[in-house]
Asks: 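After the structure tokens below, expect a handful of questions from me.
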Amino acid sequence: MSRISFLGFGGLNEKNKPCYAITVDNDIFLFDCGLSTPINAQLGVKKIIPDFNWIIQNANNVRGIFIGTPKYSNFASLPYLIKHIPKLVIYTSDIGAIIILNYFNRLASIDKHLNIKPNIEVMSPLVKKKIGSVAISSFFISNYLPKSLGFIISTNDGSIIFIDDFLISSNRNLAFKDQLKLINEITCKKNLLLITGCGNVSGNSGFTSPNHRTYDFFSEIITENTLGRTLITCHDYDFYTIMTIADICARKKRPFIIYSRSLSRTFRFICNKQYFKNDDLSIINENEISKTNNAVIIIAGNPESLIRKIELILNDEDPRLQILSNDYFICATHTVNGYEKMEAQMFDHIVRSNAKKIIRIPKDFMLATSSVEDHKFLIDLIRPKYSIPINGLYMNMSDYRDVVSLSFMKWSNVIILRNGQQINFIDGDLQKETKFHKLVLQFVNSTGTVDTGSPSIFEREIMAKDGVVVANIVIDKKNKKISRFNFEPIGVINLSNENKLILEKMNKEILGSLGQYLVNNVRDSNELLDTKEFKYFTKKIFNKYYLKNFEKQPLIALTLIFQKW
């Protein structure tokens with residue numbers, strides 16, 4: 001019999017930075033390696049990544065990482081993990097391999113320190129592969145990315161099934177077919193654990209299909225706009241929408257442009273593999289944008305980069321694309337958790353452009369991922385003993401538990417976890433005791449290096465909100481006084497004449513308090529001053545006066561220099 005454990009480093013009680021470890025006896029299998037992007041870019045934090053310390057400590061037992069739905073937020077932390085485990089094998093689909101390789105190549109062109117060649121292995125669906133001491137199979141699932149995969153780990157106590165995003169669909173398109181109904185043929189209906197993304201469970205009580213189908217919506221708009229271009233914003237992972245628009249362009253004989261080099265390469269690969277038949281599609285290179293007057297142009301990127309790209313276009317700062325008076329502009333992005341405000345501001349900016357017509361995709365069109373009935377269908381199909389919802393807030397996971405308990409699943413057998421919480425199964429039974437691993441916040445700063453800890457984030461939040469005071473103090477211990485100083489507030493207040501007078505008075509009072517501290521605490525010039533205590537006192541005094549005079553509590557960047565004589 002087997003000893004099995006599950007541990008999440010992200011994606012639990014949050015919809016971002018998914019990363020999970022499933023251990024079967026001594027073999028560790030990783031799933032996803034994502035990131036999240038903080039909204040407040042001014043904090044100097046570019047990316048937040050999972051805490052890999054546990055993985056690194058157990059690297060000798062890691063047998064590989066599996067990327068089933070290869071979107072940016074599911075794999076973009078891989079370079080930071082591979083730095084520590086250079087031979088890590090990445091198992092994915094053929095399309096996943098191209099997307100991930102394009103990402104690594106782009107990183108290498110930006111930063112030589114990230115010039116890493118990933119060790120990618122393409123998995124063939126429905127074929128068992130011995131990895132470590134167990135057999136692992138993959139199968140196609142249908143969602144917004146073509147050829148996405150789910151995975152099955154076969155154990156002595158039953159199968160573990162991992163599916164991040166999926167939907168139940170009758171779509172017969174080769175690129176988006178699913179093999180969910182073949183799972184039981186592989187597992188012989190002995191299914192121990194289902195791990196699956198929450199999807200739209202909190203937003204749609206039915207099946208997602210056909211609410212993800214947008215052919216008629218886009219076809220009507222593109223047909224109407226015969227004299228001008230149609231610009232369509234789209235997230236780079238929503239290939240279902242992109243391929244729908246490409247199909248319309250092929251039928252309507254309209255030039256088709258993807259304004260994203262990496263996405264364009266992926267689309268060409270899909271065409272070359274005949275997952276999309278483009279015999280009648282006129283694909284135009286992005287360099288030729290200015291030479292077309294009725295093209296359909298896909299403006300794509302991950303949520304953060306897409307917003308930046310749109311801002312450049314709207315400000316006439318983009319080198320290739322400007323808005324023309326006969327353009328139609330369609331926002332076809334589905335709102336991403338955490339980006340609501342930025343996306344609203346972006347759309348407001350688009351409305352003020354000189355485009356002839358501006359259209360936002362209706363809210364009843366959904367991203368191609370699971371809703372209530374999709375989850376119930378899957379549970380009834382494979383009938384696992386236990387289920388773990390992932391990639392969702394607590395309320396999404398709670399909704400998932402309530403929904404699937406109306407089908408085959410027992411309410412008590414739906415396991416809601418948080419990051420760092422490890423559960424164990426012995427002989428196929430869930431153990432009562434859980435283990436908690438302390439996870440430390442990891443983020444990539446503006447220089448591209450990884451920093452650690454919530455205090456660093458906290459300091460950045462203070463700087464963004466209340467600014468920073470750079471304080472340099474030279475201490476003359478022999479005479480028990482401050483001989484020189486420089487206090488410079490940055491981003492704290494408007495340095496008007498009135499505020500300058502307040503600052504001058506305030507600085508004198510601060511110096512008086514610090515001088516009195518030295519008199520009270522320095523008995524002998526040869527005696528060491530308790531620097532830690534003095535810094536604490538200094539920051540406390542600064543905050544007291546800034547709060548009193550300006551209602552601000554800035555970060556105090558303090559440097560102490562002891563005068564030599």
Side-chain angles (χ1 to χ4, degrees), residues 4-23 28-38 47-55 58 62 65-69 71-78 80-81 150-151 153 160-166 192-203 336-338 369-370 375 378-379 384 386-405 409 411-425 430-443 454 457:
I4 299 166
S5 69
F6 175 89
L7 172 61
F9 310 98
L12 301 174
N13 284 341
E14 61 178 348
K15 291 186 176 182
N16 297 311
K17 62 179 174 65
C19 186
Y20 317 96
I22 298 172
T23 304
I28 299 172
F29 306 96
L30 304 176
F31 292 82
D32 292 341
C33 191
L35 55 68
S36 62
T37 303
K47 305 170 184 175
I48 300 175
I49 64 176
D51 182 353
F52 297 130
N53 284 319
W54 183 91
I55 299 173
N58 295 278
V62 174
I65 186 164
F66 298 80
I67 309 295
T69 301
K71 67 175 180 178
Y72 175 81
S73 59
N74 278 3
F75 68 76
S77 288
L78 278 172
Y80 306 100
L81 179 58
F151 301 99
I153 302 176
I160 302 167
I161 302 161
F162 183 94
I163 304 172
D164 43 16
D165 278 329
F166 77 98
L192 172 65
L193 176 64
L194 169 66
I195 304 163
T196 185
C198 291
N200 302 315
V201 71
S202 296
V336 176
N337 184 54
T369 186
S370 51
H375 284 297
L378 182 62
I379 289 291
Y386 301 99
S387 181
I388 300 175
I390 57 173
N391 296 353
L393 303 175
Y394 178 81
M395 66 175 183
N396 307 132
M397 296 177 177
S398 180
D399 287 343
Y400 172 87
R401 180 170 58 189
D402 292 340
V403 162
V404 298
S405 63
M409 178 64 64
W411 192 92
S412 58
N413 284 12
V414 178
I415 309 163
I416 296 179
L417 302 173
R418 59 180 182 269
N419 295 328
Q421 186 177 2
Q422 178 182 321
I423 57 168
N424 301 298
F425 301 87
L430 177 66
Q431 303 303 291
K432 291 183 179 179
E433 293 184 2
T434 62
K435 183 177 182 180
F436 290 90
H437 300 265
K438 184 178 180 181
L439 301 180
V440 180
L441 194 63
Q442 308 280 326
F443 60 90
S454 55
I457 292 286

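Values in this document were obtained by computation on a predicted structure and should not be read as measured data. These values consider heavy atoms only, across backbone and side chains, with no hydrogens, waters or symmetry-generated copies.
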Asks: To the nearest 0.5 Å, what is the distance between CD1 (Ile4) and CG (Leu430)?
Replies: 11.0 Å
Asks: Counting only N and O atoms by type, is there a donor-acceptor contact under 3.5 Å from the side chain of Asn16 to the main-chain atoms of Ser73?
Replies: no
Asks: Keeping Asp51 on the side-chain end and Asn53 on the backbone end, is there a donor-acceptor pair under 3.5 Å?
Replies: yes
Asks: So, does Tyr80 use its side chain to make a donor-acceptor pair with the main chain of Ile49 at under 3.5 Å?
Replies: no
Asks: Can you check whether Trp54 reaches Leu439 side chain to side chain, under 4.5 Å on heavy atoms?
Replies: no
Asks: Please table the atom pairs, donor to acceptor, closer than 3.5 Å between any side-chain atom in residues 388-397 and protein atoms at least two apart or in another chain.
Replies:
unit_1	atom_1	unit_2	atom_2	d
Asn391	OD1	Tyr20	OH	2.5
Asn396	OD1	Leu393	N	2.8
Asn396	ND2	Ser202	OG	2.9

Asks: For the residue pair Ser5 and Asn424, what are the closest heavy atoms and their distance?
Replies: CB-OD1, 3.1 Å
Asks: Which distance, rounded to the nearest 0.5 Å, do you find between the CZ of Phe31 and the CD1 of Ile160?
Replies: 8.0 Å
Asks: Please report the shortest heavy-atom distance between Cys19 and Ile55, naming the atom on each side.
Replies: SG-CD1, 4.2 Å
Asks: Between atom CG of Asn413 and atom CG of Leu193, what is the distance when rounded to the nearest 0.5 Å?
Replies: 10.5 Å
Asks: Side-chain contact test, heavy atoms from C-beta onward, threshold under 4.5 Å: evaluate it for Phe9 versus Lys17 and give yes or no.
Replies: no
Asks: So Tyr400 and His375, would you call those rings parallel, tilted or perpendicular, with 30° and 60° as cut-offs?
Replies: perpendicular
Asks: Starting at CG of Leu378, measure out to OG1 of Thr196 and round the result to the nearest 0.5 Å.
Replies: 6.0 Å
Asks: Going through the checks in order, is the ring-ring contact (aromatic ring centres under 6.0 Å, His included) test met by Phe29 and Phe151?
Replies: CA-CA 11 Å; Phe29 306 96; Phe151 301 99; over 10 Å; no
Asks: Considering only heavy atoms from C-beta outward, does the side chain of Ile163 approach that of Ile195 to under 4.5 Å?
Replies: no
Asks: To the closest 0.5 Å, what do you measure between CG (Asp399) and SG (Cys198)?
Replies: 8.5 Å
Asks: Please report the closest heavy-atom contact between Phe436 and Gln421, naming both atoms and the distance.
Replies: CE2-CG, 3.6 Å
Asks: Could you check whether any side-chain heavy atom of Leu81 comes within less than 4.5 Å of a side-chain heavy atom of Leu30, counting everything from C-beta outward?
Replies: yes
Asks: I'd like to check Thr23 versus Gln422 (side-chain heavy atoms, cut-off strictly below 4.5 Å). Are they in contact?
Replies: no
Asks: Do Ser370 and Val201 come close enough that some side-chain heavy atom pair is under 4.5 Å?
Replies: no
Asks: Determine whether Ile65 and Leu78 satisfy the following criterion, side-chain contact (heavy atoms from CB on, under 4.5 Å), listing intermediate values before the conclusion.
Replies: CA-CA 9 Å; Ile65 186 164; Leu78 278 172; 3.9 Å; yes
Asks: Ignoring hydrogens and geometry, is there a side-chain-to-backbone donor-acceptor pair from Asn419 to Gly10 under 3.5 Å?
Replies: yes
Asks: Nearest 0.5 angstrom please: Ile415 CD1 to Ser387 OG, how far?
Replies: 8.0 Å
Asks: Using distance alone, with no hydrogens and no angle criterion, decide if Asp164 and Thr69 have a side-chain donor and acceptor under 3.5 Å apart.
Replies: yes
